[in-house]
2 protein chains.
Amino acid sequence: MPGTTPPLGGRHVATGHEVLAAVLQVRDGRLRVLAWQRGIAPDEGRWALPGGHLRDDEDVEESVRRQLAEKVDLSDVAHVEQLGVFSAPHRVPDARIVATAFLGLVPSDADPAVPDDTAWQPVDALPPTAFDHAAIVDDALDRLRAKLSYTNIGFALAPAEFTVSALREIYAGALGHPVSATNLQRVLTRRGQLEPTGAVSPPGPAGGRPAALFRFTRRTLRVTDAFAVLRPPGEVGRAVVP
Amino acid sequence: MPGTTPPLGGRHVATGHEVLAAVLQVRDGRLRVLAWQRGIAPDEGRWALPGGHLRDDEDVEESVRRQLAEKVDLSDVAHVEQLGVFSAPHRVPDARIVATAFLGLVPSDADPAVPDDTAWQPVDALPPTAFDHAAIVDDALDRLRAKLSYTNIGFALAPAEFTVSALREIYAGALGHPVSATNLQRVLTRRGQLEPTGAVSPPGPAGGRPAALFRFTRRTLRVTDAFAVLRPPGEVGRAVVP
DNA sequence: GCAAAAGTGTTACCCGTACACCCATGG
DNA sequence: CCATGGGTGTACGGGTAACACTTTTGC
């Protein structure tokens, strides 16, 4: 089984495996992705996702965390998960590089220092992107939006403590449509994702009732409401893992 | 960005990328996976998933279809999708090989010719497996069982035409628990996945009402019932893509 | 008291499960 | 006419969306 695949003809000058991450954050109500502007050809001037070559002594998840550490404070990245492989033969010119893509999430209150060429770009108005990175961002969006429905993945976009209004804005930004605070609180509470801290947040200058502060009960990914139709006989309601 | 990652030290004798497929089929009521028994070290005698090295001129999906063609008649493989990357540094000994894993599905009435060292092994009683292939089979099971709930993926396990009873057996085998024919028909019909062919299947020697024959309305993967909680305002019921 | 913001109660509707009941055929 | 397998009708329960209503604050 072992054996290096030889390059085909002389067209490819390099072969390897890279990791790439679509790191998402809700900033001022919009979902944004971390990207850097390429200063050299190919695709000079276009925006690329952070990443780099996989080393022999690390798996792809270790690698993506190592690469992200060069762009942001890793402690700000609350969740990382694999999206899939991008492997079209000429996805990058003059080389044969297979990429493993990742989704990364950063809480809305984190403001990590980033290099000068790096910025948070809104996902609904992306500037021109390098290579196939736009497709990776699309996959990341699909994954995040789906998992907001049936997992507790919101913990990775929210601060440690927050009001339901603040959480509503985060969900609305991530999902791209309005979200009802009433129903958001009800759904997440019923699933055991939220717990009150006991503290309250003082109202703004216009008055209003002080908002209770909440936190996520768990800060690791958990499927809270798997969509299980055709479930085993005798199981009532949805299958919720305890 | 281009540049080959050099092997670390002298321990690794080979580097590359392979594709592996967990091809599943329901045979005589049990879910089984296609595997071949290794005749040489390492892991001699253990059972491995079909696959092989990725070439420079193909993407991973083309590659897995090419590799499978060496084991089975490709026209029998009704669906292929990517599971993810397995990349632990020493997942195979004395080499550095990253694997992209796939799920493949074969209809229950297909009986492709397979090589002598290859067999359909029951997933609930797998013989000893090579390398990390057991983890790939686990991922394939999870993916299939989840998608049976919210997509039309059953088309890839079912014959072109079938009775509801036959389909019930396929779903029960795949899910690993009993399935009600009544509710299976109702759920799939409501989602527009099933349509009657008009023909009927004659009853067996013990008598009984002749069963109507059905087919899947579409034979490509489609999400029929995405689990969308917190859906956009104004949308009634589940979000079903038309 | 009034406006503003937060939180609760209530209702309507969709969907899947369970189960009773009717249908068509062979012996 | 009875056993066997196929198919339909109906009741129940769980869960979310929508919206009216109450609570608590600043001015």
Side-chain angles (χ1 to χ4, degrees), chain A residues 148-150 161-169 171-172 175 177-214 224-240, chain B residues 148-150 161-169 171-172 175 177-214 224-240:
Chain A
L148 283 171
S149 271
Y150 66 92
E161 300 192 353
F162 46 83
T163 65
V164 174
S165 300
L167 191 63
R168 186 195 64 72
E169 280 183 44
Y171 271 72
L175 289 169
H177 63 73
V179 171
S180 147
T182 296
N183 295 330
L184 178 64
Q185 180 176 14
R186 215 188 302 267
V187 166
L188 298 187
T189 300
R190 168 147 34 192
R191 295 180 177 177
Q193 289 187 27
L194 292 188
E195 65 185 10
T197 67
V200 294
S201 166
R209 175 172 170 176
L213 287 174
F214 292 83
T224 57
D225 207 16
F227 184 14
V229 79
L230 303 172
R231 66 185 73 93
E235 305 233 343
V236 290
R238 286 187 187 287
V240 178
Chain B
L148 283 171
S149 270
Y150 66 91
E161 300 191 352
F162 46 83
T163 65
V164 173
S165 301
L167 191 63
R168 185 196 63 73
E169 280 182 44
Y171 271 72
L175 290 170
H177 64 73
V179 172
S180 147
T182 296
N183 295 330
L184 179 64
Q185 180 176 12
R186 213 190 302 271
V187 168
L188 297 188
T189 300
R190 170 147 37 189
R191 295 179 178 178
Q193 290 187 26
L194 291 188
E195 65 188 7
T197 67
V200 295
S201 166
R209 176 173 170 175
L213 287 175
F214 292 83
T224 57
D225 206 18
F227 184 15
V229 81
L230 304 173
R231 65 185 74 92
E235 304 234 345
V236 290
R238 287 188 186 289
V240 177

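Lettering follows sequence order; numbering is per chain, from 1.
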Nucleotide C/dT17, atom P - distance to CG of B/Leu175 in whole Å:
11 Å

Could you give the CG-to-C1' distance, from A/Asp225 to C/dC15, as a whole number of Å?
14 Å

Check every atom of D/dT10, D/dG15, C/dC23 against the side chain of A/Arg190 and return the nucleotide holding the closest atom.
D/dG15

Remember a base hit wins even if backbone is also touched, and classify A/Pro202 as base, sugar-phosphate or nothing at under 4.0 Å, heavy atoms.
nothing

Indicate the atoms forming the closest heavy-atom contact of A/Leu184 with A/Val179, along with that distance.
CB-CG1, 4.1 Å

Where the side chain of B/Asn183 is defined as all heavy atoms beyond and including C-beta, which of C/dG7, C/dT10, C/dT17 is the nearest nucleotide?
C/dT17

Where the side chain of B/Pro203 is defined as all heavy atoms beyond and including C-beta, which of D/dC19, C/dT25, D/dG7 is the nearest nucleotide?
C/dT25

Reckon B/Ala181 touches a base, only the sugar-phosphate, or nothing at all at heavy-atom distances under 4.0 Å?
nothing

Does A/Arg209 get its side chain close enough to the base of D/dT23, under 3.5 Å, for a donor-acceptor pair?
yes

Here the distance between atom C1' of C/dT17 and atom CG of B/Leu188, to the nearest Å, is 15 Å

Residues B/Leu167, B/Phe214; criterion side chain to side chain contact (heavy atoms under 4.5 Å, CB included); working and verdict
CA-CA 9 Å; B/Leu167 191 63; B/Phe214 292 83; over 6 Å; no

Atom pair distance, as rounded to whole Å: CD in B/Glu169 and C1' in D/dG6:
14 Å

For DNA chain D, whose closest nucleotide is more 5', that of B/Arg186 or that of B/Gly207?
B/Gly207

Looking only at D/dT25, C/dA18, C/dT10, the nucleotide nearest the A/Pro233 side chain is C/dA18

Testing C/dG7, D/dT16, D/dG7 for proximity to the side chain of A/Ala212, the answer is C/dG7

Over 60° means perpendicular and under 30° means parallel, so tell me whether B/Tyr150 and A/Phe227 are parallel, tilted or perpendicular.
parallel

If I take atom CZ in residue A/Phe162 and atom P in nucleotide C/dA6, what distance separates them, rounded to the nearest angstrom?
14 Å

By nearest nucleotide on DNA chain C, pick out whichever of A/Thr182 and A/Ala206 is the more 5' one.
A/Ala206

Applying side chain to side chain contact (heavy atoms under 4.5 Å, CB included) to A/Val200 and A/Leu213, what does each step give before you reach the verdict?
CA-CA 5 Å; A/Val200 294; A/Leu213 287 174; 5.9 Å; no

May I ask you to verify if any side-chain N or O of B/Arg191 is less than 4.0 angstrom from the OP1 or OP2 atom of C/dG16?
yes

Side chains of A/Val187 and A/Asp225: closer than 4.5 Å at any heavy-atom pair?
no

Heavy-atom nearest nucleotide on DNA chain C taken for A/Gln185 and for A/Gly208; more 5' hit belongs to A/Gly208

Output the rounded distance in Å from CG (B/Leu167) to C1' (D/dG7).
15 Å

Round to a whole Å and report the spacing from CG of B/Leu148 to P of C/dG16.
15 Å

